[in-house]
Engineer: 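This is the structure I have questions about; it appears just below.
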Amino acid sequence: MPTLPRTRSASPLPLPAVGTAALDQEGRPPPRVVLDNTVVLSALVFGGPMATRLRRAWRNGFCRPMVCHDTLVDLTRQLGQAPLAFSVAEQQQMLGEYLPYVLKVRVPLAATPGKLEPAGLAFVKLGMAGKAHVLVTSDPSLLAMQASLPFEVMAQEPFLNLLRASAIEPVPLRYRGLATPLDRLR
């Protein structure tokens with residue numbers, strides 16, 4: 001079974017098996033994941049196979065996204081400004097697809113690990129405070145910091161490949177709880 005490390009110094013954490021939404025077979029919670037806002041926006045707004053797979057992974061409990069005050073404020077700001085410029089009602093609807101599944105983390109004031117733009121720094125601090133297993137990002141400056149952080153840093157596609165390798169095959173939402181669409185008719 002593929003694993004995600006807890007931290008670089010700790011033992012690996014297996015990803016949950018199919019059918020175990022909140023805990024894996026050994027009773028451990030799913031891996032804690034920091035999703036940068038570009039990844040979250042892609043999943044909520046633009047869709048596509050990778051976005052669908054990521055949304056289903058967090059909805060079904062195969063990963064536990066984390067947010068803090070700064071990252072949530074930034075996500076809300078990005079939803080409301082150009083080029084997206086969603087109305088308040090649309091923003092609430094999109095956040096309603098994400099926030100019920102996240103772990104809220106209180107990030108204390110801490111020293112910064114290198115030079116980053118403020119948005120990238122918020123994700124690093126969140127990962128450190130929340131003891132993340134992995135940070136999923138498309139930001140080259142964050143990806144380049146892999147060796148200096150206590151958690152894995154991955155692009156979205158490798159992270160989804162890791163989830164795919166763990167045999168996650170979510171059932172379409174309208175068929176949740178049924179083995180196949182034919183079972184729905186029986």
Side-chain angles (χ1 to χ4, degrees), residues 4 15-16 18 20-22 29-107 116-143 151-166 168-177:
L4 285 174
L15 291 173
V18 172
T20 56
R32 291 178 307 278
V33 180
V34 175
L35 302 174
D36 89 10
N37 286 343
T38 304
V39 173
V40 175
L41 286 170
S42 175
L44 293 174
V45 176
F46 302 111
M50 286 196 333
T52 299
R53 190 160 188 85
L54 182 59
R55 280 194 318 269
R56 288 181 179 170
W58 79 51
R59 280 184 191 156
N60 293 320
F62 293 104
C63 66
R64 185 77 190 267
M66 298 188 299
V67 297
C68 66
H69 178 267
D70 291 347
T71 61
L72 182 56
V73 166
D74 185 55
L75 178 61
T76 305
R77 179 189 56 78
Q78 288 181 31
L79 284 169
Q81 71 184 144
L84 301 176
F86 289 108
S87 70
V88 172
E90 291 168 324
Q91 291 175 40
Q92 289 175 346
Q93 181 180 2
M94 282 185 230
L95 291 172
E97 291 286 320
Y98 181 57
L99 294 181
Y101 307 99
V102 303
L103 176 65
K104 288 110 182 145
V105 175
R106 196 175 297 239
V107 177
L116 284 177
E117 62 184 38
L121 181 58
F123 297 108
V124 171
K125 285 181 173 181
L126 172 59
M128 291 176 155
K131 298 182 179 165
H133 298 106
V134 68
L135 167 69
V136 181
T137 184
S138 59
D139 183 339
S141 65
L142 289 174
L143 290 166
F151 44 81
E152 295 294 321
V153 180
M154 297 181 175
Q156 183 176 359
E157 188 170 2
F159 177 69
L160 291 173
N161 289 340
L162 183 59
L163 292 179
R164 182 177 293 125
S166 68
I168 298 172
E169 290 299 329
V171 178
L173 293 178
R174 66 176 171 262
Y175 303 126
R176 185 177 285 168

Engineer: Rounded to the nearest 0.5 Å, what separation is found between the SG atom of Cys68 and the CG atom of Leu103?
Structural biologist: 11.0 Å

Engineer: When rounded to the nearest 0.5 angstrom, what is the spacing between CG in Asn161 and CZ in Arg53?
Structural biologist: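 Result: 8.5 Å between the selected atoms.
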
Engineer: Can you tell which of Val40, Leu41, Val73 makes a side chain to side chain contact (heavy atoms under 4.5 Å, CB included) with Gln78?
Structural biologist: Leu41

Engineer: Taking the side chain as every heavy atom from C-beta outward, state whether Arg64 and Val33 have any atom pair closer than 4.5 Å.
Structural biologist: no

Engineer: Starting at CE of Met66, measure out to CG of Leu72 and round the result to the nearest 0.5 Å.
Structural biologist: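 Rounded to the nearest 0.5 Å, the CE-CG separation comes out at 14.0 Å.
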
Engineer: I'd like to know whether CD of Glu90 has more than 12 heavy-atom contacts from other residues, nucleotides or ligands below 6.0 angstrom.
Structural biologist: yes

Engineer: With a 4.5 Å heavy-atom cut-off, do Glu152 and Phe159 have their side chains touching?
Structural biologist: no

Engineer: CG of Leu35 to OG of Ser42: how many Å apart, nearest 0.5 Å?
Structural biologist: 11.0 Å

Engineer: If you look at every heavy atom in His133 and Pro30, which pair is closest and at what distance?
Structural biologist: CE1-O, 4.4 Å

Engineer: Examine distances only and state if a side-chain atom of Asp139 and a backbone atom of Ser141 form a donor-acceptor pair shorter than 3.5 Å.
Structural biologist: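 Yes; judged by distance alone, with no hydrogens or angles, the pair exists.
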
Engineer: Please report the shortest heavy-atom distance between Phe151 and Val134, naming the atom on each side.
Structural biologist: CB-N, 4.4 Å

Engineer: Checking side chain to side chain contact (heavy atoms under 4.5 Å, CB included) for the pair Leu54/Leu160: CA distance, chi angles, key distance, verdict?
Structural biologist: CA-CA 7 Å; Leu54 182 59; Leu160 291 173; 4.0 Å; yes

Engineer: Distance check, rounded to the nearest 0.5 Å: Gln156 atom CD versus Thr38 atom OG1?
Structural biologist: 10.0 Å

Engineer: Can you list the residues that meet the side-chain contact (heavy atoms from CB on, under 4.5 Å) rule with Gln91, with sequence neighbours excluded?
Structural biologist: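 Gln91 satisfies side-chain contact (heavy atoms from CB on, under 4.5 Å) with Thr76, Leu79, Phe86 only.
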
Engineer: Just verifying a value: how many Å separate Thr137 OG1 and Phe123 CZ, rounded to the nearest 0.5 Å?
Structural biologist: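 Answer rounded to 0.5 Å: 7.5 Å.
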
Engineer: Check the pair Asp70, Val107 against side chain to side chain contact (heavy atoms under 4.5 Å, CB included), reporting the backbone distance first and the verdict last.
Structural biologist: CA-CA 9 Å; Asp70 291 347; Val107 177; over 6 Å; no

Engineer: Identify the two heavy atoms, one from Leu143 and one from Ala155, that lie closest to each other, and give their separation to 0.1 Å.
Structural biologist: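 Between these two residues, the closest heavy atoms are CD2-N, 3.7 Å.
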
Engineer: State, yes or no, whether a side-chain contact exists between Arg59 and Glu97 at a heavy-atom distance under 4.5 Å.
Structural biologist: yes

Engineer: Can you name the nearest heavy-atom pair linking Ala43 to Ala51, along with the distance?
Structural biologist: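 So the minimum-distance heavy-atom pair works out to CA-CB, 3.5 Å.
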
Engineer: Step by step, work out the side chain to side chain contact (heavy atoms under 4.5 Å, CB included) result for Leu135 and Leu126.
Structural biologist: CA-CA 9 Å; Leu135 167 69; Leu126 172 59; over 6 Å; no

Engineer: Within a strict 4.5 Å, meaning less than it, do heavy atoms of the Val102 and Lys104 side chains meet?
Structural biologist: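 The answer is yes, as the side chains (C-beta and beyond) meet within the 4.5 Å cut-off.
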
Engineer: Do Val34 and Val136 have side-chain heavy atoms sitting under 4.5 Å apart?
Structural biologist: no

Engineer: What closest approach, in Å, do Ala122 and Thr71 show between heavy atoms, and which atom pair accounts for it?
Structural biologist: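 Scanning both residues, the minimum pair turns out to be CB-CG2, 4.0 Å.
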
